[in-house]
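It should be emphasised that the depicted structure is a prediction, and the values quoted were computed from it without experimental measurement. A note on names: the letters A, B, ... follow the listed sequences, proteins ahead of strands, and every chain is numbered from 1.
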Amino acid sequence: MKVFKYLLKNPLSSFGIVSLLLFVMVAALAPIIAPPQSFQLSPYETPRSSFWATPQAMSKDHFLGTTQGQYDIYYGLVWGTRTAFKVGLGVVLVSSIIGIIVGSIAAFYGGIIDEVLMRVVDVFMAVPFLIAAMVLTTLLGKGLGPMIIALSAFGWMSYARVIRSEILRIKEMEFIQAARTYGVNDFSLIFRFILPNAFFPVLVLATMATGSMVLAASALSFLGVGTEEGYADWGQFISYSRNWIVGQGDDPFKYWYTLFFPGMAIFLFVFSWNLVGDALRDVLDPHTIHK
Amino acid sequence: MVNYVFRRLLFFPVVFIALSLMIFSLQMLLSPVQRISAYITSNSELKGGREQIEALIKKYGLDEPFLTQYWEWIQNILSGNLGWSETARSPVSEVLISLFPATVELVILAFIPSFLGAVWLGTKAGANLNRPKDHAIRIFTILGWSFPTFVFGLIMLLIFYGYLNWFPPGRLSQWAVTEVESGNFIRYTGANLIDSLLNGRWQIFLDSLRHLIAPIITLTYVNLANMTRVMRTSMLETLRQDYIRTARAKGLSEKIVQNKHARRNALLPVTTMAGMELAYMMGGVVITETIFDYHGLGQFAAHAAANLDFPAVLGFALYFALVLVLLNLVVDLLYPLIDPRVVLK
């Protein structure tokens, strides 16, 4: 609760929280503010008014204009908010679970198990993240699920390291020794006594990672291995704008809206997560709070 | 010291085995039928339908146990030039060597301003904690690291190419490419800036510089933001030390305390991070290179990954691991120079 108060008092993080709440509202209200049409197979398929290549400027039918292939930008951005939350939170959830399991096993049992697991972490750290995620997404087939798996598979290492060092610190504390002499078994020692105390550093890491994972996911879409063509996904929309940013001879900014709106959406989303994460880290580090 | 270097380098074979196993397992996710396509060069080999395919799978041993196949594959990769890259249509090692100078040229030119800028901005922010200067720098850095590289890069293109037409994408203009590939231009290093100077060709030098500026700005901003944050935190940490209080109590000016006493110590964590950052840049300017159509390692690797060109991906991963290990080593060796308290064991 004290944490939450601090977040709301700090102007930067309160801006982040408010803006995230707005994103949540857009995502929740998507079926109302951008109703899917009856011919759509899934609400995530952005409707297109025709098959022309050239983007069309803002009009009454297309609130924010259409991008390459006549995909409606407004619709794509609204439903893309859901995609962003799914990817960001999905990747953070899966990778933190992997990281927590690996990290706690390493720290708790120590010795050779710790050594081996930490070398595995080192090896994963030496993998070029984006390239590896591209390969795995391509192998698993395009779409949200494969993207989440691929980004988690190469993004769990920092959680493992943080959890490991936290547990090593907490393990030596007196209340753990007390619980041990009391006869608590390993499993509940980890889950009921140690992990709750190591929760905060992981929370900071996860908050910061949500933004960067959304960035990574849209980079995948941008590079052409993310979601299916036409899927409501911000990265996808930015990749459409690529062919149009130079505009036409006499009017270089003619198609500015194809880049501006999706770019703003990603930027604001990531920015808000980072603002909250940055403030959380300040709370965690007692030095930086000054009254 | 020699012992230490040796032990660090020992990590490399471990990484090699692990990476190759990892990439090979990814490859094995595909069925033998899917993998056979890599061995087939013409349609005539496929005449005979299903039986022919089965025979081919037998012939190349694609139904053997995992370890047998892995052994075959790894021998192949090690015996010749890291294998054949289907996307580049040449041996992997040759592609990597030919693209390396392009990426290094870009990365070094972006790294230097971002490192110096980060040290400068981070010192300023840390010394002015919670004052307007600090807030401005913090917002600038959070903006930088929230801004998607591809959006920033596209905006650069929009302004500097679409509107002003100053900095076109690519590595060289068409006329310069013709010049460079002609017989009377000697390729010393493969880096356009250096080669054109050595050949005494000012126009080519200016042309390649013109193509480098926009990607350099993009890369610099993104990396500057990350390093500034670390520098700021580290500066805050240092300014709280007792010896800083002593320095102030001695009556030294704030400028000397900050720039001479505090900054030097605050540099330690930033150096480690800068080493990592440089390594990641060397292996990961994928997006920047793709946007600016800059033919370097990142663009090649992205292309190879999207086309599941496994030898190329492994080659790239090995290159990256090597860069990472070497740069970490360099940072470790630099450490005792910056901080005499550190002794390598």
Side-chain angles (χ1 to χ4, degrees), chain A residues 11-12 16 119-120 122-140 208 211-212 214-215 218-219 222-225 234-235 238-239 241-242 245-247 252-256 259-260 262-264 266-275 278 281 285 287-288 290, chain B residues 11 14-15 17-19 22-23 26-27 29-30 129-130 135 138-139 141-143 145-152 154-155 157-159 161-165 229 233 236-237 240 280 283-284 286-287 290-291 298 301-310 313 316-317 319-322 324-325:
Chain A
L12 285 179
R119 290 297 82 75
V120 171
D122 285 347
V123 167
F124 269 85
M125 294 289 251
V127 172
F129 176 70
L130 204 57
I131 297 296
M134 276 180 84
V135 172
L136 195 51
T137 316
T138 318
L139 270 176
L140 297 173
M208 308 286 263
S212 58
V214 170
L215 276 188
S218 44
F222 179 75
L223 293 167
V225 299
W234 298 337
I238 288 177
S239 87
S241 78
R242 235 178 118 185
I245 45 160
V246 212
F253 294 119
K254 184 155 191 216
Y255 305 112
W256 63 276
L259 174 63
F260 180 78
M264 264 327 253
I266 297 196
F267 165 69
L268 266 183
F269 190 80
V270 177
F271 185 54
S272 314
W273 279 105
N274 285 343
L275 284 178
D278 204 42
R281 194 182 32 205
D285 180 4
H287 294 307
T288 41
H290 291 263
Chain B
F11 181 59
V14 178
V15 172
I17 295 170
L19 278 180
M22 198 188 284
I23 287 167
L26 285 178
Q27 195 172 343
L29 285 176
L30 296 171
L129 179 67
N130 284 339
H135 286 307
R138 275 183 90 180
I139 292 175
T141 58
I142 301 184
L143 282 178
W145 118 90
S146 311
F147 223 100
T149 321
F150 43 94
V151 177
F152 192 80
L154 288 177
I155 293 175
L157 267 187
L158 181 70
I159 297 172
Y161 178 53
Y163 183 57
L164 298 168
N165 203 8
R229 212 181 72 220
T233 321
L236 287 179
E237 202 62 44
R240 224 172 277 126
Y280 282 116
V286 177
I287 295 168
T290 309
I291 286 178
H303 197 58
N307 291 295
L308 296 183
D309 182 352
F310 286 103
V313 170
F316 179 75
Y319 150 78
F320 179 62
L322 188 64
L324 211 60
V325 169

side-chain contact (heavy atoms from CB on, under 4.5 Å) between B:Ile155 and B:Ile159, intermediate numbers included: CA-CA 6 Å; B:Ile155 293 175; B:Ile159 297 172; 3.9 Å; yes
Engaged part of B:Ile23 at the chain A interface, taking heavy atoms whose separation is under 4.5 Å: neither
Spacing of B:Leu129 atom CG and B:His135 atom NE2 [to the nearest 0.5 Å]: 8.0 Å
Test ring-ring contact (aromatic ring centres under 6.0 Å, His included) applied to A:Phe271 and B:Phe147, step by step: CA-CA 8 Å; A:Phe271 185 54; B:Phe147 223 100; 9.4 Å; no
Choice from B:Thr149, B:Leu29, B:Leu143, B:Leu19 maximising heavy atom contacts with chain A below 4.5 Å: B:Leu143
Partners passing salt bridge (charged side-chain N to carboxylate O under 4.0 Å, His left out) against B:Arg138 (at least two apart in sequence or in another chain): A:Asp278, A:Asp282
Atom group of A:Phe222 that falls short of 4.5 Å from chain B, counting heavy atoms: side chain
Residue, of B:Ile142, B:Val325, B:Val15, B:Val14, that accumulates the most heavy atom pairs under 4.5 Å with chain A: B:Ile142
Most contacts with chain B, counted as non-hydrogen pairs under 4.5 angstrom, among A:Pro262, A:Ser218, A:Ser272: A:Ser218
Interface moiety of A:Leu215 toward chain B, non-hydrogen atoms closer than 4.5 Å: both
Heavy-atom pair count under 4.5 Å with chain B, highest-scoring of A:Val123, A:Ile266, A:Ile131: A:Ile131
Contacting moiety of A:Val225, where chain B heavy atoms sit under 4.5 Å: side chain
Side chain, backbone, both or neither of B:Phe152 within contact of chain A (heavy atoms, under 4.5 Å): neither
Derivation of the side-chain contact (heavy atoms from CB on, under 4.5 Å) call for B:Val313 and B:Leu26: CA-CA 11 Å; B:Val313 170; B:Leu26 285 178; over 6 Å; no
Neighbour count >12 (heavy atoms, 6.0 Å) for atom CZ, A:Phe267: yes
Geometric class of the A:Trp273/A:Phe269 ring pair [parallel <30°, tilted 30-60°, perpendicular >60°]: perpendicular
Contact origin within A:Ser241 toward chain B - heavy atom pairs under 4.5 Å: side chain
Minimum side-chain heavy-atom gap A:Leu223-B:Phe150 below 4.5 Å: no
Pick from B:Ile291, B:Val151, B:Leu308 with the largest number of heavy-atom pairs that fall under 4.5 Å of chain A: B:Leu308
Chain B contact via A:Leu268 - side chain, backbone, both or neither, heavy atoms under 4.5 Å: neither
Chain B contact via A:Met208 - which portion, at a heavy-atom distance below 4.5 Å: side chain
Validation row: B:Thr233, A:Arg281 side chains within 4.5 angstrom (heavy atoms): no
Max heavy-atom pair count under 4.5 Å with chain A, selected residue of B:Ala304, B:Ala305, B:Ala301: B:Ala305
